[in-house]
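Following: one structure in structure tokens, then a few remarks.
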Amino acid sequence: MKNSYLLRDKRTVFLQGMKDGIPIGLGYLAVSFSLGIAAKNAGLTPFQAFLSSLLCNASAGEYAAFTTIAAKATYVELAVITLIANARYLLMSCAMSQRMNPNMPFYHRLLMAYDITDELFGIAIVRPGYLHPFYTYGAVAVALPCWSIGTAIGAIAGNLLPARLVSALSVALYGMFLAVFIPPAKKDKVIGALVVICFAASFCAAHLPGVSVLSEGTRTILLTLIIAGAAALLFPRTEKGEEGTK
């Protein structure tokens, strides 16, 4: 059967995605709270904040959008700044497309592309073999509602919480993201070295004249293209095993 790999253990793979999505969802619930405060400051209602996060699961993109709305910018300016802030997801989409079974139906690709975030991309891309759409669906089924609900709660709470507590919640997700790439880095020296290089390059790019004036999203794209391209040329890898092909 052409698409038999999708029929194998769909429920099992979906539940695996949900399990891996729980810590991401909890992190999203905490971090999106501060995003909801930004939405309220921009004049959005709790429902509008909820809907914004449901349709655009992207912290940097939403922060940029809410800031633009608060500044009463035009729709064109809003679209451009959101595109720039979220442009790095284009690279993640390209990387995921290389890991998909050629027989995967187009609608699965569209649904998987709907919610690509740093964390969801991280847990999906480290799995061996072809990416299974139901694994992504399981993770998204937990993470996306938590992100949206957290934003709505933040919009309701407004500025009631102390600024220090809001700041602490804002960095919670980064600690969780460390758990995504540290295990592979410990197993593979090349990945470990690339992680160190990425940290150093990101720090330098944020402070060097000329480069530092670029937006964070643009710097991320440039560094990703340069470092990932060099790594692919110097340390090519072959795929081993195909998830769900039997």
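Throughout, numbering of the chain's residues begins at 1 and tracks the sequence.
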- Working for side chain to side chain contact (heavy atoms under 4.5 Å, CB included), residues Ile149 and Phe50: CA-CA 6 Å; Ile149 292 172; Phe50 171 86; 4.1 Å; yes
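- A distance of 8.0 Å separates NZ of Lys186 from CD1 of Ile182, quoted to the nearest 0.5 Å.
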- Evaluation steps, side chain to side chain contact (heavy atoms under 4.5 Å, CB included), between Val142 and Ile24: CA-CA 8 Å; Val142 176; Ile24 294 178; over 6 Å; no
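- Residue Ile227 holds its CD1 atom at 10.5 Å from CG of Leu222, rounded to the nearest 0.5 Å.
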- Task: Give the intermediate values and the outcome of side chain to side chain contact (heavy atoms under 4.5 Å, CB included) for residues Arg88 and Asp118.
- Result: CA-CA 9 Å; Arg88 69 183 185 279; Asp118 299 334; 3.3 Å; yes
- Show your reasoning for whether ring pair (Phe, Tyr, Trp, His ring centres under 6.0 Å) applies to Tyr137 and His108. CA-CA 10 Å; Tyr137 300 158; His108 276 305; 5.8 Å; yes
- Quick one: do His132 and Asp9 satisfy side chain to side chain contact (heavy atoms under 4.5 Å, CB included)? Show the steps, please. CA-CA 10 Å; His132 201 297; Asp9 300 330; over 6 Å; no
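- Side chain of Thr68 to backbone of Ala64: a donor-acceptor contact under 3.5 angstrom is found.
- Of the possible polar contacts, none joining the Ser53 side chain to the Ser148 backbone as a donor-acceptor pair under 3.5 Å is found.
- A donor-acceptor pair under 3.5 Å is formed between the side chain of Asn41 and the backbone N or O of Ile37.
- Applying the side chain to side chain donor-acceptor pair (under 3.5 Å) test between Tyr28 and each of Asn57, Thr117, Thr151 identifies Thr117 as the sole match.
- With rounding to the nearest 0.5 angstrom, the CG atom of Leu111 is 9.5 Å from the CZ atom of Phe134.
- Atoms CD and CG, from Glu62 and Leu44 in turn, are 10.0 Å apart once rounded to the nearest 0.5 Å.
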